[in-house]
Q: 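First the structure, then my questions, so here it is.
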Amino acid sequence: MTTSPDGLPLAATGRTAQSVVLEAAHYAGKIHLQYFRGDHLGAREKRHADVVTDVDISIERELRQLLMREFPSAGFLGEETGESEGDSEYTWTVDPIDGTANFVRGIPHFATTIALLKNDAPVLGITYDAIRKDTFFAAAGRGLTLNGVPMKPNYATSIEEANLGFDIGPEEDLNVRAFDIIRSLLPMYRARLLGSAALGFAYAAAGIIDLYFHLALKPWDVAAGLLFIQETDADAVSIDFDGAPATPWSGSYLVGARNLLERMRTA
Ligand code: 2AM
Ligand code: CA
């Protein structure tokens, strides 16, 4: 695969990976707005409390086509269409709608999130919230930007002022555990249940919230967000619930302000 000066693979049409991924995410966002609060979403449950729509599936198919056409030797890992192995060290991860439960109810808080992994580590990531036109973007070593502007988080300095975002999922026992964690931390933190893990990670990296946790996420939910956290230059950290550095396969995540995170774990 040809590499461009930014160290990332060059697309078949000669475009940079950054330009392709921006187009992909913004295209997905256009489709979100077209169907949001419409009547023909084709919503159904994959299993209890795990919802998918025709919109999720058709966006993922189109993004998969675009990314595979532009990067034929890369692998692919998507929430709705599954995994294909590539024959290079690169893999794309795609969640066409992160926050589908919000999307189907007409709650305007969801995003598309796409990442490029190199040997399982995210090197390019985008999370696009079409409702607010917020593009969170990072390439490894080049910092996090929000709508093209470099973002440096300005976290709360005390636990009393901190905002802690979290989300739940389809697994009831884990949800009970998540609420137990929240209950044990209140009234110390101001808690926010947001409904999109991708935006939760992006907000925690940008300092919009101070911390975020989830007990059961998949690589496509978190790959871009983990890169955002990494690109805060150590102001923020990402660990799993055993305290190990987080990877896209950790499952459980606690991310955000380094200064607050250690104190939350011991609370
Ligand atoms: P989703 O909307 O893409 O399913 C709130 O539940 C957050 O957790 C959302 O970001 C949601 O992503 C994610 N999430 C919950 N359960 C999930 C599952 N089984 N697989 C993938 N993501 C999940
Ligand atoms: Ca999804």
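Computed from a predicted model, the values in this text were never measured in an experiment. Each ligand, and each atom within it, is numbered from 1 in the order the structure gives.
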Q: If you round to 10 degrees, what value do you get for the angle at the Ca ion (ligand 2) between Asp95 atom OD2 and Ile97 atom O?
A: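 Computed angle, vertex at the Ca ion (ligand 2), rounded to 10 degrees: 90°.
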Q: Are Phe110 and His32 close enough that their ring centres sit under 6.0 Å apart?
A: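 Yes.
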Q: Answer with yes or no whether the side chains of Asp95 and Thr113 bring together a donor and an acceptor at under 3.5 Å.
A: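 Per modelled atom types, Thr113 and Asp95 side chains form no pair under 3.5 Å.
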Q: Do the side chains of Arg61 and Glu80 get close enough for a salt bridge, i.e. N-O under 4.0 angstrom?
A: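 No.
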Q: Check the side chains of Asp167 and Tyr212 for a donor-acceptor pair under 3.5 angstrom, ignoring hydrogens and angles.
A: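 Yes, side-chain donor-acceptor contact under 3.5 Å.
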Q: Run the numbers on Phe201 and Tyr253 for ring-ring contact (aromatic ring centres under 6.0 Å, His included), then give the verdict.
A: CA-CA 10 Å; Phe201 274 59; Tyr253 296 90; 5.6 Å; yes
Q: Restricting to N/O/S, name the atom of Glu79 that gets closest to the Ca ion (ligand 2).
A: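 The Glu79 atom nearest to the Ca ion (ligand 2), restricting to N, O or S, is OE1.
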Q: Looking only at side-chain N and O atoms, does Ser84 offer a donor or acceptor that is under 3.5 Å from a partner on Arg64?
A: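 Yes - a donor-acceptor pair under 3.5 Å links their side chains.
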Q: Present, as a list of atom pairs with distances to 0.1 Å, all nitrogen or oxygen contacts under 3.5 Å between ligand 1 and the protein.
A:
{"from": "ligand 1", "atom 1": "2 (O)", "to": "Gly99", "atom 2": "N", "distance (Å)": "2.6"}
{"from": "ligand 1", "atom 1": "2 (O)", "to": "Thr100", "atom 2": "N", "distance (Å)": "3.0"}
{"from": "ligand 1", "atom 1": "3 (O)", "to": "Glu79", "atom 2": "OE1", "distance (Å)": "3.0"}
{"from": "ligand 1", "atom 1": "3 (O)", "to": "Asp95", "atom 2": "OD2", "distance (Å)": "2.9"}
{"from": "ligand 1", "atom 1": "3 (O)", "to": "Ile97", "atom 2": "O", "distance (Å)": "3.3"}
{"from": "ligand 1", "atom 1": "6 (O)", "to": "Ile168", "atom 2": "O", "distance (Å)": "2.4"}
{"from": "ligand 1", "atom 1": "8 (O)", "to": "His214", "atom 2": "NE2", "distance (Å)": "2.9"}
{"from": "ligand 1", "atom 1": "10 (O)", "to": "Asp98", "atom 2": "OD1", "distance (Å)": "2.9"}
{"from": "ligand 1", "atom 1": "10 (O)", "to": "Asp98", "atom 2": "OD2", "distance (Å)": "2.9"}
{"from": "ligand 1", "atom 1": "10 (O)", "to": "Ala197", "atom 2": "N", "distance (Å)": "2.8"}
{"from": "ligand 1", "atom 1": "12 (O)", "to": "Asp98", "atom 2": "OD1", "distance (Å)": "3.3"}
{"from": "ligand 1", "atom 1": "19 (N)", "to": "Arg47", "atom 2": "NH2", "distance (Å)": "3.0"}
{"from": "ligand 1", "atom 1": "22 (N)", "to": "Asp221", "atom 2": "OD1", "distance (Å)": "3.4"}
{"from": "ligand 1", "atom 1": "22 (N)", "to": "Asp221", "atom 2": "OD2", "distance (Å)": "2.9"}

Q: Any side chain to side chain donor-acceptor pair (under 3.5 Å) pairs touching residues 229-238, not counting sequence neighbours?
A: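 Sorted pair list: Lys152-Asp235.
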